[in-house]
Structure formats: C-alpha cells, structure tokens
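Shown next, in structure tokens, is the structure this report addresses.
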Amino acid sequence: MSRNHYMKYKTKLSLALVIWSISCILFLCPFLNTHFSKASSLYGCITPGITNVYFRESPAGNPITYNGASIMLNGGQELEIISTSNSSWYQVTLTYGGIEYTGYVSSSFITIYNSDGSTSSGDSDFETYLSNEGFPDSYKDQLRELHAAHPNWVFKAVHTGLDWNDVVANEVNIKGRVNNMVEGYSSNPRYNWRSTTVGYDYKTDTWSSYDGSTWFAASDDLVKYYLDPRVYLYEKFVFAFETLSYDSSQTKAGVESILYGTFMYDSKPSGSSSTYSTLMMKAGKDSGVSPYHIASRIKQEIGTTITSGTNGQNSSYPGIYNFYNIGAYASPEGNAIENGLKWASSGSTYGRPWTSAYKSIVGGALYIGENYILKGQNTLYTQKFNVTYTDCLYSHQYMGNVQAVSSEAQKVYSAYKGAGTLDGAITFSIPVYKNMPKSMVTKPSDYGNPNNYLKSLYVSGYDISPRFAVSTNTAYTISVPSNISSVSISATTVNANASISGTGTISLSQGTNTVNLVVTAQNGSKRTYKITINRGEATAMTNTDTSVTFNTKYNISKDKLISNISPATSIESFTKKLGASKDITITDSEGESKTSGNIGTGDIIKVDGTKYKVVVYGDVNGDGKITALDLLKIQKHIMGSSSLKGAFLEAANVKHSGSVSALDLLKVQKHIMGSSTISQK
C-alpha cells in the first residue's frame with residue numbers, strides 16, 4: 001500500500017469513526033466489539049524483492065489453493081493484518097482472483113505500514129543478519145521460514161571460497177574414485193539413480209556393485225542434488241548442518257528416541273549394567289561429540305538389527321565390536337564387516353582393541369571427534385562432502401551412501417522433537433559456494449532404466465555400413481539400386497523397456513534418403529540413430545576405379561583396403577594425408593568412434609558413406625605399432641592355436657607373398673630389433 005493509498009484509507013476511517021460514535025449514542029453501541037476489532041487492523045504487504053511466499057491455512061500449515069494451485073505471494077502484495085498474536089505467523093486477509101481469503105503468512109516476509117505511511121519489516125533484524133552473514137538470495141526464503149518457526153535457531157554462513165563447478169567435478173564419481181553410492185534392490189532398483197559413466201556396461205545393461213550386491217555408483221545428477229546445501233534448508237533436514245560438538249542440553253531421552261526401532265532401544269549390551277543410551281551420553285561427554293550425532297551415526301551405519309559386527313560373535317574376530325563401521329571399506333565381495341572388525345581389533349589408539357560394546361561406542365566417538373569434528377568437518381554435511389578440511393579437500397570423507405546426510409539429519413530432528421528441545425538455541429553451519437545455480441538443484445526421478453541403445457539393426461536384404469555393433473556409433477549407410485522404392489528396417493533394444501520409433505517399411509526417393517530411428521529409454525532419455533540410404537548412387541571407390549572422388553598418397557586396393565601407412569601414424573596425420581574433401585569418420589574394428597591415438601590395422605574409414613579398412617603391415621593387433629605382441633599373434637596363427645582374418649591376416653603377410661609363413665615372422669622380428677624395416681607399399 002502506498003503512502004497516498006494509506007492516507008485515503010485513513011480519511012475514510014476517520015469518517016467512519018464519526019458515524020460510529022453517533023451510532024453508539026443512539027443505539028447504546030451494540031456493535032462496539034466488532035467495530036473496534038476492525039478499526040485496530042494493520043495493513044502491510046509482502047516485502048519487496050521477496051517471491052513465492054506461501055499463503056497458509058494455519059501457522060506452518062498447508063498452502064491455500066486457487067484453481068487447484070497453491071497461492072504464491074510476491075513482493076508488493078497488499079495484506080490486511082488481522083492478528084499478530086503469533087509473532088512468527090500473522091493472520092491476514094487478501095483478495096486473490098476476485099475472492100477474499102483469510103490465512104497465515106510468515107511474519108518474516110511481511111512489511112507493515114506505519115500510521116504515517118512509512119514501512120517497517122516484520123523482522124528487520126533477521127534480514128540484516130542474513131545480509132551480514134553473506135547468505136545468497138537463493139538461501140534466504142528458506143532461512144526466513146526456518147527462523148519464523150524457530151526464532152532461537154542460529155544460522156552461520158560458511159564461505160568455503162570454492163567454486164560450485166569445482167566441487168561437483170571433485171565429488172561426482174569417476175573411474176577409480178567412487179565416493180558416492182546409492183542402494184538399489186529388487187523391489188526398487190533405482191536404475192535412474194545409478195551412474196552410467198562408472199561401473200556401467202551399456203552393451204549388456206549391467207552395473208558393477210561396489211559393496212555387496214546392492215550398492216552402486218550414484219549418478220552425477222543425484223550427487224549434485226545432495227551436494228546443494230539448499231536441499232537441506234527444511235525443518236527435518238537442516239540438521240545436516242548442526243554443529244556436532246558436545247551439547248549438555250541433549251538428553252538421554254533424546255538419544256532413546258533416535259534408537260527407537262533398533263536392538264539398542266531401552267536395552268543394555270550383553271554383560272553391561274548400562275543402557276546403550278547411557279553409554280552414548282558418556283561417550284559424547286568424554287569425546288566432545290554430540291550424543292545425538294553418536295546415536296544417529298551408529299544407527300545409520302549398523303542398521304536396526306544386531307550383526308556379527310556388534311554382537312562380539314564374528315567367527316574371524318570373536319569378542320570384537322565395531323559400532324561405527326570404521327575401517328569397514330566397501331568391496332564387491334561384501335566383507336565390509338570383517339574389514340571393520342579387523343581394524344577394531346588392531347592398534348592401540350581410541351581404546352583399541354574394542355573388546356566390548358562400551359569400548360567401541362566411546363572409542364568410535366573419540367575417533368570421529370579427533371579425525372573429523374576437530375578438523376573442521378563438524379557437520380553431517382561436511383563429513384560426507386569435505387569442503388572445509390582444506391588439507392585434503394574432497395577426500396577424508398565419512399559415509400559412502402550419498403543419501404546418508406539427509407537420513408541422519410531426520411533422525412537428529414526427531415530426537416530434538418521427541419525430547420521437547422526443538423526450539424532451543426541450535427547452531428547450524430551452512431556452506432556457501434561461488435557461482436552456484438540460481439535455484440536449487442532438482443532431484444532426479446529414481447524410476448526408469450536409462451539405457452537407450454540398440455541391440456540390433458537390420459535393413460532387409462542389404463548390408464549396413466559400418467557393420468552394426470552395440471556401440472556409441474549412431475550413423476549408418478546403405479545403398480540400393482535405383483529400381484528399389486522401399487526398404488524394411490527392423491531393430492531391437494538392449495533394454496526390453498526401451499521403445500523405438502522409425503522402423504518398418506520406408507519409402508525411398510531417388511538419391512539420398514535419411515531415416516531417423518529414435519530410441520526412448522524407460523526413463524525418457526532419447527538416442528537417435530541415423531541411416532542414410534542412397535538410392536541409385538554408385539558407392540564403389542577403389543584405387544583402380546574412376547569413381548574414386550579424392551586424391552590420396554595411400555594405396556587403395558579393389559577390396560577397399562588402405563595401406564602404405566607408416567607405423568605409429570597419428571589419426572590427425574593420417575586424415576591430412578588422406579586428402580579427402582568430404583567428411584571423414586573413423587571407427588575401430590568394433591565400431592567404436594576413434595578420434596585420437598594411432599591409426600591401426602582394422603580401423604574403418606568412412607568417406608561419404610563408403611567404407612575402407614586400414615592395413616598397417618606388421619601391426620596385427622590394431623594398435624598401429626609393430627611390437628612383440630604382433631610377433632606373438634603371427635606365431636600363434638602359424639602354429640594354428642589362433643587364426644587371423646581380414647585386414648589382420650593381410651597385415652601379417654609382410655612379405656606380400658600371398659600366405660603367412662615363418663619368413664613373415666622373421667621379417668617382423670628383424671623390424672622390432674631394428675635390423676630391417678617392413679615395407680608398407
């Protein structure tokens with residue numbers, strides 16, 4: 001409401017008060033309470049610059065909807081404030097879509113009009129605090145809601161100085177570094193949450209497991225989602241950022257609420273006179289670590305049922321306990337528990353060997369405190385994603401489960417709520433990165449297999465060039481006579497749940513025809529295969545045929561073999577010397593695209609749809625070099641233990657005699673020793 005608008009309202013209100021006064025004198029003021037309540041209303045608006053504020057049915061309740069969608073209020077939206085009795089949630093009325101509604105809005109989003117037409121924020125001190133802390137704007141709406149619900153909570157911005165893109169690059173899984181895993185099981189395999197770049201074979205649509213049989217490398221999109229601090233800025237998840245130092249206000253009852261549903265709830269370890277919760281409270285005090293964190297960490301690591309890692313009855317390490325799975329590194333064989341017990345049985349630090357539940361619970365707390373919390377990894381988030389312990393950024397990370405932070409945070413939230421201490425002065429340290437996305441990263445769906453590859457591809461009656469194989473190659477060519485007006489294309493997918501469009505009977509025009517086959521994976525991702533069909537166009541291009549359309553210094557046989565190539569010739573050098581004016585594609589003998597390294601025997605060169613095979617004499621393993629490996633292959637061929645075919649057989653015939661013999665073997669041996677050179681002509 002503008003100042004003028006407010007003053008007009010004030011003038012009308014004054015007139016109304018005069019009329020009301022006369023009414024009181026004449027009618028003994030029967031409506032005094034109603035008129036007084038209306039006259040005492042405040043007016044204001046959603047603070048300018050703020051967007052997408054929920055208009056709720058009750059304090060922190062469900063959003064009010066209009067035409068099936070939640071009403072979202074933006075900066076400048078005028079409100080009549082009916083009640084401020086709840087300092088965190090003001091009761092207001094507004095007109096939206098021509099309808100008057102009554103509901104609640106967080107006071108932190110409201111600017112109130114003063115009697116002189118000026119404005120004041122519902123919580124200007126908190127706005128100043130957010131700015132002073134340097135929280136990005138994209139954090140603020142969520143922090144305002146948390147502050148409105150829990151005014152005593154303290155939010156600290158941890159300015160890491162790290163670039164978001166660098167953080168992502170160092171946390172996503174790569175070959176040889178799998179830091180983030182996701183569980184997939186028969187009832188919900190979560191294919192779309194699994195990585196397709198690490199541990200995945202698209203040809204067979206199978207994943208390698210990294211801990212037992214159910215844990216797989218998490219996809220880049222899933223890792224990015226759980227890396228985004230804004231994902232946790234909700235009441236149940238913000239405990240991902242709770243500082244994990246010992247807090248004397250935490251209670252045994254709160255620990256029990258975390259342990260509820262496990263074998264540790266309201267029970268004692270065998271041979272102990274104290275309950276698990278008592279031991280965890282003592283461990284917290286002795287180690288300087290939050291007892292709630294100890295309880296939630298143990299529950300996260302060992303689950304709800306007692307195992308050979310926590311009952312002292314493991315056959316390999318009897319009498320040893322490990323309640324934190326410290327040292328229990330993952331392996332495909334699934335022997336993580338024994339690896340952890342081995343660690344707990346050796347050494348003298350942290351009270352080892354852990355020969356009782358008590359020693360393990362206290363010793364593990366000391367380990368976490370010394371190795372993580374006291375080194376700056378003092379939140380669940382920074383223990384999972386190390387962005388604060390600068391001596392070893394992106395390593396020295398606890399928990400392989402990429403979802404562990406969110407699940408542990410919920411346990412801690414439940415402990416505070418169950419103990420009735422949720423509104424205490426809890427401190428949250430929240431990381432901030434440079435160049436973050438403007439809005440929160442979207443969580444990918446876990447449904448659907450991502451494989452969108454073809455398993456087979458046929459054009460009835462014709463050969464496809466290059467020969468089809470399950471690979472990354474998506475471009476193929478065929479040629480048909482000019483009297484052929486249509487062809488039949490069929491294909492199958494690697495994954496049975498994927499679909500294909502574009503197959504069937506295809507009508508052809510004279511000249512070049514392009515057919516696109518689109519494979520749609522179960523998760524919706526698409527891959528397009530392009531088939532170029534030349535109707536009535538000649539494709540034979542040999543060194544002895546006038547249809548050759550490019551000049552080259554290499555030899556081209558009638559069988560379309562390209563030779564006269566020196567060993568260890570790079571792809572770049574070969575392409576330049578080839579002399580073709582049209583686009584060139586190069587694949588290896590398996591059909592995989594090849595853009596770097598050496599040109600080698602068996603490589604397939606395609607120029608304008610015509611395919612040639614490379615022969616480097618003496619190179620029979622296809623790496624473009626002549627080494628002892630080639631000597632061994634020729635020897636096995638001569639002895640009959642294996643056979644060479646096609647371009648590889650031609651490459652073994654280094655004397656150009658028509659057959660491969662011991663003389664060829666000797667020639668290769670002399671080339672390797674440097675006493676003679678194999679001719680490539």
Side-chain angles (χ1 to χ4, degrees), residues 54 56-63 84-90 104-109 122-123 125-126 129-130 133 135 139-158 229-262 264-266 276-278 280-281 284-285 289-300 373 378-383 404-430:
Y54 282 110
R56 302 180 185 274
E57 295 175 350
S58 59
N62 294 326
T84 59
S85 59
N86 182 334
S87 61
S88 298
W89 294 91
Y90 292 170
Y104 292 81
V105 174
S106 169
S107 61
S108 62
F109 299 140
D123 197 339
D125 289 343
F126 186 65
Y129 175 81
L130 290 179
E133 280 293 303
F135 279 111
Y139 285 51
K140 290 180 180 178
D141 282 353
Q142 292 166 274
L143 291 173
R144 290 180 184 114
E145 289 220 5
L146 289 172
H147 173 70
H150 304 283
N152 293 323
W153 285 4
V154 179
F155 307 104
K156 296 288 186 181
V158 179
R230 293 165 295 192
V231 164
Y232 305 94
L233 297 183
Y234 297 94
E235 188 177 55
K236 291 184 178 180
F237 300 104
V238 72
F239 288 88
F241 306 120
E242 180 199 14
T243 53
L244 300 179
S245 300
Y246 178 73
D247 184 348
S248 60
S249 69
Q250 294 182 348
T251 65
K252 184 175 181 292
V255 173
E256 286 288 0
S257 70
I258 294 176
L259 299 179
Y260 182 77
T262 76
M264 298 172 284
Y265 176 68
D266 197 23
Y276 283 103
S277 58
T278 298
M280 291 175 191
M281 290 295 294
K285 188 173 183 179
V289 177
S290 157
Y292 289 178
H293 175 52
I294 292 172
S296 62
R297 173 56 53 85
I298 289 175
K299 184 175 180 179
Q300 178 70 33
I373 294 172
N378 66 336
T379 67
L380 291 172
Y381 179 94
T382 53
Q383 288 185 20
V405 175
S406 61
S407 57
E408 284 201 37
Q410 289 184 80
K411 295 184 182 79
V412 178
Y413 162 80
S414 297
Y416 275 105
K417 186 175 182 180
T421 57
L422 199 59
D423 289 321
I426 305 170
T427 299
F428 302 94
S429 298
I430 306 168

For the residue pair [X] and [Y], what are the closest heavy atoms and their distance?
X	Y	value
Ser429	Thr379	O-CG2, 4.0 Å
Phe239	Ala409	CB-O, 3.7 Å
Ser257	Ala415	OG-CA, 3.0 Å

Return the set of residues passing side-chain hydrogen bond (donor to acceptor under 3.5 Å, both in side chains) with Asn62 (not counting sequence neighbours), or none when no residue passes.
-> none
Applying side-chain hydrogen bond (donor to acceptor under 3.5 Å, both in side chains) to Lys140 and not counting sequence neighbours gives Asp137
Looking at side-chain heavy atoms only, is the closest gap between [X] and [Y] below 4.5 Å?
X	Y	value
Leu233	Ile430	yes
Gln383	Leu244	yes
Tyr139	Arg230	yes
Met280	Ile258	no
Lys156	Phe428	no
Arg297	Val289	no
Tyr234	Glu145	no
Tyr413	Leu422	yes

Which residues pass the ring-ring contact (aromatic ring centres under 6.0 Å, His included) test with [X], sequence neighbours left out?
X	value
Tyr381	Tyr232, Phe241, Phe385
Tyr246	none
Tyr260	Tyr265
Tyr54	none

Listed partners of [X] passing side-chain contact (heavy atoms from CB on, under 4.5 Å), at least two apart:
X	answer
Ser290	Gln250, Tyr292, His293
Ala149	none
Asn86	Pro59, Ser88, Trp89

Just grab all the salt bridge (charged side-chain N to carboxylate O under 4.0 Å, His left out) pairs involving residues 235-244, residues at least two apart or on different chains.
-> none
Test salt bridge (charged side-chain N to carboxylate O under 4.0 Å, His left out) applied to Lys252 - qualifying residues, sequence neighbours left out = Glu256
Sequence neighbours excluded, the answer for salt bridge (charged side-chain N to carboxylate O under 4.0 Å, His left out) partners of Arg144 is Glu127, Asp141
Quick check for you: to the nearest 0.5 Å, what is the distance between [X] atom [atom1] and [Y] atom [atom2]?
X	Y	atom1	atom2	answer
His147	Asp125	NE2	CG	8.5 Å
Thr427	Asn378	OG1	CG	10.5 Å
Tyr416	Ser414	OH	OG	12.5 Å

Describe, in one word, how the ring planes of Phe126 and Tyr129 are oriented to each other, choosing from parallel (under 30°), tilted (30 to 60°) and perpendicular (over 60°).
-> parallel
